[in-house]
Novice: 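Right, I'll just put the structure down here and ask away after.
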Amino acid sequence: MEGTESVLNPHDKMRGRSVNRVATGEQAPRPAHEPGTITDAPPLSPELTDESGRVVELKTAPADRRFPFGNQTRHCYARYLEYHWCVKATGGESAECEKFAHYYRSLCPTDWIMEWNRQRELGIFPGPI
């Protein structure tokens with residue numbers, strides 16, 4: 001049985017597939033997936049709600065020249081402050097304030113928002129609101 005080791009078995013699943021070898025017929029293509037072997041997509045996360053319980057549609061905040069770099073921490077914080085300044089200045093909800101709310105909700109991690117809201121309620125928030 002000398003020489004049988006050099007013969008390529010086109011169905012050897014342990015060997016990596018080469019596109020050139022598959023194209024020339026020297027190697028078999030990967031077999032199709034068996035039904036049920038591919039997992040389904042994970043379930044969608046629950047809907048995000050604001051402080052009043054309304055469902056919030058998240059959109060990415062537009063680019064801001066004040067924050068040109070990839071780290072958006074300061075951008076998040078600035079938008080959070082702008083929202084609360086707007087609410088304080090207008091005395092309630094307005095379209096302009098809602099715009100800032102969408103921005104900070106899309107930029108800031110939920111844990112930060114919850115902590116900042118808690119700090120505001122206790123009067124220990126470090127920002128100028």
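Given the structure is predicted, the values throughout are model-derived calculations rather than measurements. As a basis for the values below, the full set of heavy atoms in this structure was taken, side chains included, without hydrogen atoms, waters or symmetry mates.
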Novice: Residues two or more places apart in sequence or in another chain: which of them pass ring-ring contact (aromatic ring centres under 6.0 Å, His included) with Tyr104?
Specialist: Tyr80, Tyr83

Novice: Considering residues at least two apart in sequence or located in another chain, which fulfil the side-chain hydrogen bond (donor to acceptor under 3.5 Å, both in side chains) criterion with Glu115?
Specialist: Arg118, Gln119

Novice: Count the heavy atoms belonging to other residues, nucleotides or ligands that lie under 6.0 Å from CZ of Arg74, then report whether that count exceeds 12.
Specialist: no

Novice: Can you tell me how far the CD atom of Glu82 sits from the CZ atom of Phe100, to the nearest 0.5 Å?
Specialist: 4.5 Å

Novice: Find the distance between CD (Glu98) and CZ (Arg105) and round it off to the nearest 0.5 Å.
Specialist: 6.0 Å

Novice: To the nearest 0.5 Å, what is the distance between CH2 (Trp116) and SG (Cys108)?
Specialist: 4.5 Å

Novice: Looking at Trp112 and Cys76, what are the two nearest heavy atoms and their distance?
Specialist: CE3-SG, 3.8 Å

Novice: Kindly compute the distance separating CG (Leu107) from NE2 (His102), expressed to the nearest 0.5 Å.
Specialist: 13.0 Å

